[in-house]
Amino acid sequence: MSDISQIAIEPEIIVDFLKSDLKLKEIWQKILFQRVIDEAAKQREIIVTNEEIQLEANRQRLERRLEKASDTLAWLTEQLISPEDWENGIRNQLLSKKLSAELFSKRVEQFYAQNRLDFEQIVFYQIIVANQYLAQEICYQIEEGEISFYEAAHLYDIDDKRRQQCGYEGKFYRFNLKPSLAATLFMASPKKVIGPIGSEQVYNIFMVEEFISAELTPEKHDEVLNQMFEEWLTAELNYLLHTS
């Protein structure tokens, strides 16, 4: 691709485009979030050193296979940013991580323990049809071994994607599901037909594939930490908006 940076675009045009593309609010919010982070970090004397920025830059270069300095400069040019812009972005990312760790790292285990049930996971399949008689007949045929759940989903589900996936819905946390559905599925036996359950003029048939117990892995720890930090950021921004 040719160097698009050779074509100048005035800041006003960029703002107008973000408005027309309904992206201005999103960018505006990110800028305000960064202000909240900067101020909170300053109050707590949290800083990011040049050495930390360089280590993260090297990690990103390795990840992107930018082996030479010239490769990095070429990539930055493609992104329409300078090395200083890139380092500022890295600094913001690291500052955010440091602040979130300072605020919430010691509270993650307590939060996870208090909400352990919500972090249980389930893998399930679903068939949705529009006819009650058909739903009952499908359940009967599956229970009698005349057809498998997967075959029935592939043949009868009203959704093309779910038919192609033989009814596979995916892996969900308990808190991702409606409370009534979560209660039904988490009390079920694996591989057993559940339903039909009528809702919104359609009939649902479920089958639980697997239960996954809650475990605070390093990945889950980071997920909970990020969730707590995002909620804090939103609350801080709302306070700022109502007091300014």
Side-chain angles (χ1 to χ4, degrees), residues 1-108 161 170-171 173 176 216-241 244:
M1 181 182 292
S2 58
D3 186 4
I4 62 174
S5 64
Q6 295 178 3
I7 303 175
I9 302 178
E10 290 74 17
E12 294 80 5
I13 294 178
I14 296 175
V15 171
D16 288 342
F17 179 81
L18 289 173
K19 289 178 180 179
S20 65
D21 204 35
L22 302 180
K23 294 290 179 61
L24 183 61
K25 181 181 179 181
E26 177 186 343
I27 301 302
W28 198 283
Q29 186 178 56
K30 287 183 178 180
I31 293 171
L32 293 177
F33 278 158
Q34 190 60 51
R35 286 188 183 179
V36 171
I37 291 169
D38 289 342
E39 181 61 29
K42 182 179 179 181
Q43 291 175 359
R44 292 164 176 80
E45 298 183 345
I46 300 172
I47 63 170
V48 176
T49 66
N50 291 333
E51 290 76 12
E52 289 170 329
I53 292 174
Q54 190 59 52
L55 283 172
E56 175 60 17
N58 290 339
R59 187 196 68 78
Q60 292 188 21
R61 287 178 60 188
L62 183 63
E63 187 179 74
R64 294 184 170 91
R65 299 181 179 178
L66 303 171
E67 299 177 1
K68 303 175 184 177
S70 57
D71 296 334
T72 302
L73 290 173
W75 174 74
L76 290 172
T77 300
E78 288 180 1
Q79 305 307 311
L80 306 182
I81 60 175
S82 68
E84 292 75 19
D85 296 327
W86 185 35
E87 290 178 358
N88 284 335
I90 291 174
R91 175 252 179 207
N92 290 342
Q93 294 168 13
L94 294 178
L95 192 66
S96 177
K97 287 183 179 180
K98 280 192 169 186
L99 179 61
S100 65
E102 173 73 18
L103 292 174
F104 299 111
S105 62
K106 295 179 180 179
R107 295 166 56 183
V108 168
K161 182 178 179 181
K171 180 166 63 175
Y173 287 111
N176 290 141
L216 189 57
T217 62
E219 294 77 16
K220 194 67 62 61
H221 181 281
D222 290 345
E223 186 178 325
V224 174
L225 181 64
N226 291 336
Q227 177 185 336
M228 297 175 76
F229 185 59
E230 287 173 6
E231 291 175 354
W232 175 83
L233 268 179
T234 300
E236 288 294 304
L237 180 55
N238 286 336
Y239 176 79
L240 178 65
L241 293 173
S244 59

Does a donor on one side chain and an acceptor on the other come within less than 3.5 Å for [X] and [Y]?
| X | Y | answer |
| --- | --- | --- |
| Asp38 | Gln34 | yes |
| Trp86 | Gln79 | no |
| Gln227 | Glu223 | no |
| Asn58 | Gln54 | yes |

Fill in: Residue from Arg61, Arg65, Arg59 passing salt bridge (Lys or Arg N to Asp or Glu O under 4.0 Å) with Glu63
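Looking at Arg61, Arg65, Arg59, the match for Glu63 under the salt bridge (Lys or Arg N to Asp or Glu O under 4.0 Å) is Arg59.
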Short side-chain to backbone donor-acceptor contact, [X] and [Y], under 3.5 Å:
| X | Y | value |
| --- | --- | --- |
| Ser105 | Glu102 | no |
| Asn176 | Tyr173 | yes |
| Asn238 | Ala235 | no |
| Lys98 | Ile46 | no |
| Thr77 | Leu73 | yes |
| Glu39 | Val36 | no |

Practice prompt. Determine, stepwise, if the pair Arg91 / Glu87 fulfils salt bridge (charged side-chain N to carboxylate O under 4.0 Å, His left out).
Written response: CA-CA 6 Å; Arg91 175 252 179 207; Glu87 290 178 358; over 6 Å; no
Item to complete: For atom CD of Gln43, decide whether the heavy atoms of other residues, nucleotides or ligands shown that lie under 6.0 angstrom number more than 12.
Response: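 Atom CD in Gln43 is packed in, count exceeds 12.
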Item to complete: Given side chain to side chain contact (heavy atoms under 4.5 Å, CB included), test Ser96 with Phe229 step by step and report yes or no.
Response: CA-CA 9 Å; Ser96 177; Phe229 185 59; 3.2 Å; yes
